[in-house]
Peer 1: 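Below are the structure tokens for one structure; questions will follow.
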Amino acid sequence: MAVKEKSLPETVAEATEKIEVFGAREHNLKNLDISIPKNKLVVFTGVSGSGKSSLAFDTIYNEGQRRYMESFSAYARQFMGDMERPDVDKILGLSPVISIEQKTTNKNPRSTVGTITELYDFLRLLYARIGEAYSYNTGKKMTKFSEEEIVDNIFKKFKSKKITLLSPLVRGRKGHYRELFEEIRKKGFLKVRVDGEVLDITPRMQLDRYKIHDIEVVIDRLQVTDDMKVRLSQSVQQTLKSGKDLMFLLVDGGSKEDILVQYSKQLMCVDTGISYEEPSPNAFSFNSPYGACPSCKGLGNVYSISMEAILPEPDKSIREGGIAPLGEEREAHMFKTVAQIARKNKISLDKPVKDLPAAGLNILLYGNAEGGSQEVEDFDESMASTPYDGEFEGIIPMIRRWFAGSSESTREWAEQFMELKTCPACEGARLKKESLWFKVDERNIAEVSSLNLDKLMTWFTGIEKRLSDKQNAIAKDILKEIRERLQFLLDVGLTYLTLNRPSRTLSGGESQRIRLATQIGSQLQGITYILDEPSIGLHQRDNHQLIVALRNLRDIGNSVLVVEHDKDIMLAADYLVDIGPRAGKYGGHIVAQGSPEQVLRAPSDTASYLNGKKGIEVPATRRKGNGLHLELKGATGNNLKNISVKFPLGKLVLVTGVSGSGKSTLINETLYPILSKHCYNSRMTPLPYKSVKGLEHIDKVIEIDQSPIGRTPRSNPATYCGFFTEIRQLFAAVPEAKIRGYNPGRFSFNVKGGRCDVCEGGGMRVIEMNFLPDVYVHCEKCNGKRYNRETLEIRYKGKSISDVLNMTVDEACDFFEAVPYLFRKIKVLQDVGLGYITLGQSAVTLSGGEAQRVKLATELAKKDTGKTFYILDEPTTGLHFQDIQHLLEVLNKLVDRGNTVLVIEHNLDVIKVADHIIDVGLEGGDGGGRILFEGTPEEMIKNKESHTARFLKTELKG
């Protein structure tokens with residue numbers, strides 16, 4: 001469609017002051033034209049599915065990315081992936097774009113807040129340069145020693161022993177080192193120790209260049225006797241010189257293993273002879289072999305055998321499945337072997353396991369009468385390569401061997417009999433003991449990493465007064481960099497996080513605010529930043545900090561575009577754009593735009609909620625519940641302070657509190673695993689607690705978290721919710737389909753036979769353009785219908801399977817009204833406000849709010865028992881005021897049927913309609929973990945301690 005001439009800016013200068021979008025048609029946008037002021041805080045709002053993300057991300061951001069990609073040569077672009085051109089006529093005035101989305105951070109267990117913010121890198125550098133070493137045996141501060149003191153120590157500890165003096169040349173580096181060996185040979189040395197093995201130096205000697213190596217040259221071999229003192233002294237001098245003040249001593253162990261001792265002119269304990277290498281930043285990294293704890297390899301946790309999982313029911317005999325890995329008696333090689341060993345050792349297969357003699361049970365479990373340890377640090381991956389020699393090794397050693405194996409299926413089988421525990425060697429600190437004995441201001445790096453960020457900032461404030469002049473001179477620039485980065489994190493409300501917090505445990509909002517802090521710290525100018533609901537997971541108290549951070553980003557010369565539903569951020573915007581008026585095909589228009597004051601006067605739903613004309617009603621009475629309670633006592637996980645709490649059943653229960661106060665720890669990591677274990681006998685391990693009462697009143701628990709639904713184009717609401725199977729069965733039952741012999745699989749676009757064989761059921765074909773991005777076009781054979789002609793000839797009530805997939809949920813409800821079991825499942829999608837989406841809509845085109853409500857609908861479609869316990873974690877994510885109304889109607893229906901609905905939430909519209917509130921606080925991190933209040937909203941606003949009560953008071957009185 002041609003762009004209207006009058007819409008174009010008259011001058012280039014005019015275009016540079018605004019971002020001009022012409023003819024945007026991405027997804028549901030209706031040929032939209034908009035002018036967005038630059039260097040302002042601009043907020044896009046509107047009901048879920050109205051087109052906010054389509055404009056901000058799929059149009060403006062994608063076009064910015066595409067232009068950046070096109071600045072590369074055609075040759076470079078072919079290696080960088082494809083960028084699809086957004087469906088828009090023209091965008092003018094667009095500066096470089098950076099997207100700060102809610103996408104989850106690294107799920108790698110080695111990734112922490114410290115590593116993703118790079119703060120831990122500066123911390124490692126600080127400890128490597130000014131850390132003071134202490135002996136891990138005596139706790140005394142280490143000092144540097146002379147060559148004479150090293151010689152005296154060798155005589156004192158290894159008198160009469162045969163020793164080898166080694167000078168380290170290569171430490172943990174790749175290469176073949178042919179030239180190095182030749183140089184050593186020319187100097188007259190005959191032997192080297194390579195990767196722990198002493199070898200003769202031969203001409204043209206070389207190593208595997210792709211493996212990491214440690215190389216030490218053998219300087220001398222001698223016996224420590226009085227007449228060798230002069231020679232020893234000279235050899236030590238030569239060894240230290242070659243090894244740059246570091247040497248190794250290999251002490252002959254006789255029949256036992258040789259002992260390797262390290263000496264250094266740098267740091268050494270004279271009492272015990274322990275010496276440390278001069279520290280490098282790698283020595284404080286749990287992702288480096290030179291810093292990681294050798295037991296847990298830097299993960300902080302180890303797997304150990306769970307005897308509860310091995311012997312879950314001690315009252316059963318071995319034949320009845322008393323030893324879980326064996327299962328019940330059957331024709332299996334493992335069971336036959338155990339039965340043979342039992343007969344040989346006169347162990348009964350029919351007695352309860354608890355009545356078997358300890359020695360007999362040990363023979364079956366460990367392969368010997370003495371028994372053994374359950375700790376996994378007793379074995380490592382080398383066990384996987386240990387061949388099975390035919391002798392009975394015992395069930396537990398076999399599980400360990402299979403766990404260390406390379407096959408994923410065997411490892412998964414073994415893992416069900418194991419549990420993850422804190423590593424006993426490093427106690428979860430992840431680092432080797434030497435690294436933990438370097439301290440700055442009497443704290444090691446693990447202790448500093450476990451401080452809340454606000455306490456860490458307090459520790460770094462004025463630290464110069466507690467350091468020596470030399471330390472201050474070295475650390476000046478490092479401390480400045482650390483304090484600046486810390487301040488940016490504090491400015492976006494992340495005071496309660498710690499540097500050692502695994503990044504996989506962060507919510508979408510937290511990870512987004514970390515990226516926001518990083519961008520503020522980079523101090524870039526002239527950038528268009530696009531953010532996706534940065535207020536998610538943030539308490540009202542912390543909203544002000546986030547708004548200040550966004551304004552800072554704007555004030556240094558950037559355009560900040562925010563997709564947001566939060567009232568505070570909308571009213572704080574310089575420019576507000578309301579997209580709607582409704583969702584899906586009924587949206588995609590600009591309803592109102594201008595300053596917040598101008599939008600408030602507009603005739604839109606958003607304006608009505610913002611100016612108070614519309615609102616969610618506070619119920620006249622609160623439900624009394626069924627009089628039953630679930631009581632949890634003594635919860636101490638993470639930051640919880642040995643709390644006890646009662647959850648009333650048959651009510652809408654809200655868990656509130658500032659970010660990081662302990663809500664998720666209490667509900668998702670303590671309560672939910674307890675309920676899941678009770679209802680489904682799951683193997684989830686709850687965080688520590690003393691006792692729980694009232695489980696008998698619950699027979700089903702459903703958790704609806706924020707994890708997204710499928711992210712492939714083939715995934716859609718019909719397949720995710722599970723009713724597509726029933727639709728296919730309906731089509732297979734049509735007489736014409738029966739005559740042709742079609743089964744339900746014929747109507748699946750993921751199975752050969754019924755689908756289009758050209759696009760393989762995708763509906764689209766990818767045209768490779770070599771140097772240009774791939775182009776997606778409708779399949780020329782099926783024209784986007786996904787199925788072949790024969791399949792489409794089967795009609796149910798006049799509609800083909802492709803027609804059904806293209807129906808909206810509203811249309812499908814009318815169409816399938818006469819099929820109760822199918823109608824009930826589709827109706828739930830309509831009830832949660834998704835009547836406008838199509839059954840076959842690709843999951844990648846669903847907004848965050850839509851995807852979450854599809855997941856909610858899937859769970860709600862399942863039959864409840866009246867004793868079901870629902871747990872929802874921030875279900876208002878991505879929801880407009882109007883959508884929250886729909887959500888509350890669904891939740892209230894569930895409670896009215898006798899179920900319990902527990903919601904973790906910050907949204908005041910949801911909190912004010914609760915029957916019962918449990919407020920956790922007072923602050924985040926160490927300052928949280930207490931129950932501040934339990935009761936109704938009316939009682940809560942009298943609480944003077946709670947931050948939530950302060951904001952709730954204005955809602956209830958307003």
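When reading the values below, keep in mind they use all heavy atoms of this one structure, side chains included, and skip hydrogens, waters and symmetry mates. None of these values were measured; they are calculated from a predicted model.
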Peer 1: Measuring from atom OG1 of Thr656 to atom CG of Asp919, what distance do you get when rounded to the nearest 0.5 angstrom?
Peer 2: 3.5 Å

Peer 1: Measure from the side-chain N and O atoms of Thr518 to the backbone N and O of Ile514, and report whether any donor-acceptor pair falls under 3.5 Å.
Peer 2: yes

Peer 1: One pair to check against side-chain hydrogen bond (donor to acceptor under 3.5 Å, both in side chains): Glu905 and Thr876. What are the steps and the verdict?
Peer 2: CA-CA 8 Å; Glu905 192 53 85; Thr876 59; 2.9 Å; yes

Peer 1: Applying the side-chain contact (heavy atoms from CB on, under 4.5 Å) criterion to Leu666, which one of Leu640, Leu687, Leu671, Ile904 satisfies it?
Peer 2: Leu640

Peer 1: Checking the side chain of Thr954 only, and the main-chain atoms of Phe951 only, is there a donor and an acceptor separated by less than 3.5 Å?
Peer 2: yes

Peer 1: Does anything in residues 423-469 pair up under ring-ring contact (aromatic ring centres under 6.0 Å, His included), and if so which pairs, sequence neighbours excluded?
Peer 2: Tyr276-Phe438, Phe284-Phe438

Peer 1: Measure the spacing between CZ of Phe488 and OG of Ser522 and express it to the nearest 0.5 Å.
Peer 2: 8.5 Å

Peer 1: For the residue pair Thr498 and Ser450, confirm or rule out a side-chain donor-acceptor distance under 3.5 Å.
Peer 2: no

Peer 1: Determine, stepwise, if the pair Asn552 / Asp491 fulfils side-chain hydrogen bond (donor to acceptor under 3.5 Å, both in side chains).
Peer 2: CA-CA 10 Å; Asn552 286 343; Asp491 287 345; 5.0 Å; no

Peer 1: Sub-3.5 Å donor-acceptor pair from the side chain of Arg501 to the main-chain atoms of Thr505, do we have one?
Peer 2: yes

Peer 1: Would you say the side chains of Arg67 and Ser71 form a donor-acceptor pair under 3.5 Å?
Peer 2: no

Peer 1: Of all the heavy-atom pairs spanning Cys296 and Val302, show the shortest one and how long it is.
Peer 2: CB-CG1, 3.7 Å

Peer 1: To the closest 0.5 Å, what do you measure between OG1 (Thr495) and CG (Leu489)?
Peer 2: 10.5 Å

Peer 1: Does Lys40 qualify as a cation-pi partner of Tyr575, given the criterion of NZ or CZ under 6.0 Å from the six-membered ring centre and within 45 degrees of its axis?
Peer 2: no

Peer 1: When you measure from the side chain of Ser435 to the backbone of Ala283, do you find a donor-acceptor pair of N or O atoms at a distance under 3.5 Å?
Peer 2: yes

Peer 1: Counting distance only, does the side-chain N/O of Thr59 pair as donor-acceptor with the main-chain N or O of Ser54 below 3.5 Å?
Peer 2: yes

Peer 1: Going through the checks in order, is the side chain to side chain contact (heavy atoms under 4.5 Å, CB included) test met by His947 and Glu923?
Peer 2: CA-CA 9 Å; His947 291 298; Glu923 301 296 333; 3.0 Å; yes

Peer 1: If you round to the nearest 0.5 Å, how far is OG of Ser135 from NZ of Lys141?
Peer 2: 14.0 Å

Peer 1: Whether Lys140 engages the ring of Tyr134 as a cation-pi pair (distance to the six-membered ring centre under 6.0 angstrom, angle to the ring normal within 45°) should be assessed.
Peer 2: no

Peer 1: Could you walk me through whether Tyr127 and Phe122 pass the ring-ring contact (aromatic ring centres under 6.0 Å, His included) test, one step at a time?
Peer 2: CA-CA 9 Å; Tyr127 272 79; Phe122 286 101; over 10 Å; no

Peer 1: Taking all atoms of both residues into account, what is the closest heavy-atom pair of Thr112 and Arg430, and its distance?
Peer 2: CG2-NH1, 3.9 Å

Peer 1: Could you report the tightest heavy-atom contact between Asn639 and Gly662, atom names first, then the distance?
Peer 2: OD1-CA, 3.7 Å

Peer 1: Okay, side chain of Asn452, backbone of Lys455: is any donor-acceptor separation there less than 3.5 Å?
Peer 2: no

Peer 1: When you measure from the side chain of Lys18 to the backbone N and O of Gly93, does any donor-acceptor pair fall under 3.5 Å?
Peer 2: no

Peer 1: Identify all side-chain donor-acceptor contacts of residues 470-477 below 3.5 Å with residues at least two apart in sequence or on another chain.
Peer 2:
residue : atom : partner : partner atom : Å
Gln471  : OE1  : Ser468  : N            : 3.0
Gln471  : OE1  : Ser468  : OG           : 3.4
Gln471  : NE2  : Ile130  : O            : 2.9
Asn472  : ND2  : Glu464  : O            : 3.0
Asn472  : ND2  : Ser468  : O            : 3.4

Peer 1: Spell out, as yes or no, whether a donor-acceptor pair under 3.5 Å connects the side chain of Glu442 to the backbone of Lys439.
Peer 2: no

Peer 1: Under a 4.0 Å threshold between the charged nitrogen and the carboxylate oxygen, would Arg171 count as salt-bridged to Glu277?
Peer 2: yes

Peer 1: Going by distance alone, is a donor N or O of one side chain under 3.5 Å from an acceptor N or O of the other, for His539 and Thr948?
Peer 2: yes

Peer 1: Side chains of Asn558 and Asn39: closer than 4.5 Å at any heavy-atom pair?
Peer 2: no

Peer 1: Treating Thr115 as the side-chain partner and Ser111 as the backbone partner, does any N or O pair qualify as donor plus acceptor under 3.5 Å?
Peer 2: no

Peer 1: With sequence neighbours excluded, tell me which residues meet salt bridge (charged side-chain N to carboxylate O under 4.0 Å, His left out) with Asp574.
Peer 2: Arg554

Peer 1: Should Leu516 and Tyr529 count as side-chain neighbours, where that means a heavy-atom distance under 4.5 Å?
Peer 2: no

Peer 1: Is there a salt bridge (Lys or Arg N to Asp or Glu O under 4.0 Å) between Glu118 and Arg124? Walk through the geometry before answering.
Peer 2: CA-CA 10 Å; Glu118 298 178 1; Arg124 290 193 291 122; over 6 Å; no

Peer 1: Taking NZ, NE, NH1 and NH2 as the nitrogens, is one of them in Glu510 or Arg513 under 4.0 Å from a carboxylate oxygen of the other?
Peer 2: no

Peer 1: Working to the nearest 0.5 Å, report the span between CG of Leu538 and NE2 of His906.
Peer 2: 7.0 Å

Peer 1: Of all heavy-atom pairs between Arg443 and Glu447, which one has the smallest distance, and what is that distance?
Peer 2: CA-OE1, 3.3 Å

Peer 1: So which atom in Lys663 and which in Val655 form the shortest heavy-atom distance, rounded to 0.1 Å?
Peer 2: CD-O, 3.8 Å

Peer 1: Indicate whether the side chain of Asn500 and that of Ser449 have a donor and an acceptor atom separated by less than 3.5 Å.
Peer 2: no

Peer 1: What's the verdict on side chain to side chain contact (heavy atoms under 4.5 Å, CB included) for Ile100 and Leu531, showing C-alpha distance, side-chain angles and the deciding distance?
Peer 2: CA-CA 5 Å; Ile100 308 177; Leu531 291 90; 4.1 Å; yes

Peer 1: Roughly how far apart are Arg485 CZ and Lys480 NZ, rounded to 0.5 Å?
Peer 2: 11.0 Å

Peer 1: Could you pull out the closest heavy-atom pair between Asp926 and Lys641, with the gap in Å?
Peer 2: O-NZ, 2.8 Å

Peer 1: Do we see a donor-acceptor contact under 3.5 Å between the side chains of Thr45 and Glu564?
Peer 2: no

